[in-house]
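Scroll down for the structure; my scribbles are underneath it.
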2 protein chains.
Amino acid sequence: MTTEQDAPTGLRERRRRQTEEEISEAALDLFERRGVAGCTVDDIAEAAQVSPRTFFRYFATKERAALVAHRDVEDTFQRVVTGLRPDEPLLPQIETLWVEMLEQLRDGQSPAGRQMLRLRLLMRTEPSLRLAALHLDEERRDEFIALVAGVVGTTPDDLDIRVTVETAGTLVGVALDRWADAVERRTTGPTPDLVATYRDTCAAFRRLCRG
Amino acid sequence: MTTEQDAPTGLRERRRRQTEEEISEAALDLFERRGVAGCTVDDIAEAAQVSPRTFFRYFATKERAALVAHRDVEDTFQRVVTGLRPDEPLLPQIETLWVEMLEQLRDGQSPAGRQMLRLRLLMRTEPSLRLAALHLDEERRDEFIALVAGVVGTTPDDLDIRVTVETAGTLVGVALDRWADAVERRTTGPTPDLVATYRDTCAAFRRLCRG
DNA sequence: ATGATTGTGGCAGTCACTGCCAACTCGGCA
DNA sequence: TGCCGAGTTGGCAGTGACTGCCACAATCAT
């Protein structure tokens, strides 16, 4: 049911994950300290103790290195999509799927949540990171649409599915933004919950659809 | 009613517009022939008869040069946004705004329409152009939201406005994609109408919201 | 006309990113 | 145990995007 242990976890595989982790940690750290424009790929590679050449074997751009959290969350789509019921309204179901995916982040205290929070805080002031995230989302969208189409049994160029998936994606983006905003502004009280923020966003959306 | 003659059109101004036009035409033309990756900024600059250095005074990236049609359509938002009525439902009104903006494109026969069509056909096979368009949209979104907030009289960080503007933007994106798809696939009959495509997309969206 | 403003081209430089090759490491197998 | 094939790494050279700086030319205001 999980996606981790499907590959035979040899030493090579483990080493590769560890290196990726080290690079992305170095990138996140340097971006926080000096800004994205303020550090080069060479800087990140050095901090992660790999050669610049190796950096590019792991990530296509320096921005991508900071987006592993984003990518990992999207990776879980494949797992949750199987829960779709073809005979029920699609949009609320996709919303539920996203709730399942965002649950691993919640208040940003888990490792995955903390990493995502750092990223989204960075994104508030770093246009290049927002762009890279947009890029990642766009790359994944067709895959999502194909997966959904497969489960509910229509063609991938079905207009309804496309609109539904894109709309839901937009709402997730808004929720992530507002989550980071809330965390940034917070002075007291518990850390804002991403799932709650997402539910609020969906509620606002539904209100607007009714008029 | 038009946006052209608001500035005192001196020779400098006219010359500047003409140069921009020449560069973007050269870019569009070369992209169509050799692909985005297949030509350099130097190529485009040479074709437009300017120096590479001057190219970058007009456009930040080579992709941007192909996106003037996109930018010009978005520029009209400022004009149509004044028609908003604060006391009526927002989402259908924003949809109407977009119809007004997309009307200048319609079947892609007008100069603006033709240019947009060339761009959207390119975008079907050029990820870098899709990314650049996403980037442009994102840059504009805050401006849109601020304008809407100003007219309806709320703060720019209003959740409802944000969700409405982003949702509508998503639907426009889908409609533009489908428009280009329809044009590409068309063998006979009249050229597909963008406004009609957009209305279809909005209709599908409304259907999905009801469930 | 003339001085201020603005646009242009060239040059040097930084940095992102890629292809290629040589050295090394891990995993399986005789 | 020794050895081969596959996967991983680093260096190097090269291309191309993009920028700052400077000198020069074209426009505009007076």
Side-chain angles (χ1 to χ4, degrees), chain A residues 5-24 26-28 30-31 34-67 126-133 135-136 139, chain B residues 5 7-24 26-28 30-31 33-67 126-133 135-136 139:
Chain A
Q5 67 249 31
D6 40 19
T9 311
L11 194 143
R12 273 196 168 123
E13 190 69 13
R14 243 177 303 138
R15 176 76 189 133
R16 183 155 245 277
R17 285 177 201 277
Q18 187 187 339
T19 304
E20 187 186 89
E21 164 76 25
E22 279 161 8
I23 296 176
S24 76
L28 223 37
L30 284 174
F31 289 170
R34 311 210 300 251
V36 176
C39 59
T40 69
V41 169
D42 288 27
D43 294 335
I44 300 170
E46 192 182 359
Q49 313 204 65
V50 292
S51 72
R53 189 64 189 86
T54 294
F55 174 94
F56 285 112
R57 289 211 179 83
Y58 283 83
F59 300 104
T61 67
K62 62 177 175 177
E63 288 83 9
R64 279 297 178 104
L67 290 175
E126 294 283 358
S128 62
L129 285 183
R130 288 201 296 273
L131 181 56
H135 191 28
L136 191 58
E139 283 180 0
Chain B
Q5 69 247 29
T9 312
L11 193 144
R12 267 190 174 134
E13 191 68 15
R14 241 177 304 138
R15 177 73 189 137
R16 183 154 244 279
R17 284 177 202 278
Q18 187 187 338
T19 304
E20 187 186 89
E21 164 76 26
E22 278 162 8
I23 295 176
S24 76
L28 224 35
L30 284 174
F31 288 170
R33 280 197 274 157
R34 312 210 298 253
V36 175
C39 58
T40 68
V41 169
D42 288 27
D43 294 334
I44 301 169
E46 192 183 0
Q49 312 203 65
V50 293
S51 71
R53 189 65 191 84
T54 294
F55 175 94
F56 285 111
R57 291 210 177 82
Y58 282 84
F59 300 103
T61 67
K62 61 177 176 176
E63 287 83 9
R64 279 297 178 104
L67 289 176
E126 293 284 359
S128 62
L129 286 183
R130 289 201 296 274
L131 181 56
H135 191 30
L136 192 58
E139 284 180 359

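Just so it is clear, the values below take in all heavy atoms, side chains as well, and ignore hydrogens, waters and symmetry mates. Lettering follows sequence order; numbering is per chain, from 1. Everything numeric here is computed off the predicted structure, so don't read it as measured data.
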Taking atom [atom2] of [N] as reference, at what distance in whole Å does atom [atom1] of [X] sit?
X        : N       : atom1 : atom2 : answer
Ile23(A) : dT9(D)  : CD1   : C1'   : 11 Å
Asp42(A) : dG10(D) : CG    : P     : 13 Å
Phe59(B) : dA17(D) : CZ    : P     : 15 Å
Gln18(A) : dT8(D)  : CD    : P     : 15 Å
Lys62(B) : dT15(D) : NZ    : P     : 15 Å
Glu46(B) : dG16(D) : CD    : C1'   : 15 Å

Interatomic spacing from CZ in Phe59(B) to OG in Ser24(B) - rounded to 0.5 Å: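 Phe59(B) CZ to Ser24(B) OG: 5.5 Å, rounded to 0.5 Å.
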Min side-chain heavy-atom separation Glu22(B)-Gln18(B) under 4.5 Å: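 Side-chain contact under 4.5 Å: yes.
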Within residues 47-66 of chain A or reaching into it, pairs that qualify as salt bridge (charged side-chain N to carboxylate O under 4.0 Å, His left out) - sequence neighbours excluded: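 Applying salt bridge (charged side-chain N to carboxylate O under 4.0 Å, His left out) to every pair that reaches into residues 47-66 of chain A, excluding sequence neighbours, yields Arg64(A)-Glu139(A).
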Evaluation steps, salt bridge (charged side-chain N to carboxylate O under 4.0 Å, His left out), between Arg17(A) and Glu13(A): CA-CA 6 Å; Arg17(A) 285 177 201 277; Glu13(A) 190 69 13; 3.3 Å; yes
Worked verdict on Phe31(A) versus Leu129(A) for side chain to side chain contact (heavy atoms under 4.5 Å, CB included): CA-CA 10 Å; Phe31(A) 289 170; Leu129(A) 285 183; 4.3 Å; yes
By side chain to side chain donor-acceptor pair (under 3.5 Å) - contacts of Glu20(A) (at least two apart):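 Here the qualifying residues are Arg71(A).
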Sugar-phosphate only, base, or nothing, as touched by Phe55(A) at under 4.0 Å among non-hydrogen atoms: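 Nothing: the residue Phe55(A), judged by heavy atoms under 4.0 Å, touches no strand.
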Residues forming a side chain to side chain contact (heavy atoms under 4.5 Å, CB included) with Leu28(B), sequence neighbours excluded: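 By the side chain to side chain contact (heavy atoms under 4.5 Å, CB included) rule, Leu28(B) matches Ala66(B), Gln115(B), Arg118(B), Leu122(B).
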Under 4.0 Å protein heavy-atom contacts per nucleotide of nucleotides 22-30 of chain D, with B for base, S for backbone only and - for none: ----BBS--
Tyr58(A) side-chain N/O to dT9(D) phosphate OP1/OP2 under 4.0 Å: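 Checking dT9(D) against Tyr58(A), a side-chain N or O does come within under 4.0 Å of OP1 or OP2.
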For chain A, the stretch of DNA chain C it reaches, first to last nucleotide, under 4.0 Å of its heavy atoms: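 Answer, 5' to 3': dC15(C) to dG27(C).
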Atom pairs and distances, donor-acceptor, side-chain atoms in residues 38-45 of chain A, under 3.5 Å, two or more places apart:
unit_1: Thr40(A); atom_1: OG1; unit_2: Asp42(A); atom_2: N; d: 3.3
unit_1: Thr40(A); atom_1: OG1; unit_2: Asp43(A); atom_2: N; d: 3.1
unit_1: Thr40(A); atom_1: OG1; unit_2: Asp43(A); atom_2: OD2; d: 3.4
unit_1: Asp43(A); atom_1: OD2; unit_2: Arg34(A); atom_2: NH2; d: 2.9
unit_1: Asp43(A); atom_1: OD2; unit_2: Thr40(A); atom_2: N; d: 3.0

Shortest non-hydrogen separation from His135(A) to Leu131(B) and the atoms involved: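 Residues His135(A) and Leu131(B), closest heavy atoms: CB-CD1, 3.5 Å.
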Cys39(A) or Arg53(A), whichever maps to the more 5' nucleotide of DNA chain C: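 Its nearest nucleotide lies further toward 5', so the answer is Cys39(A).
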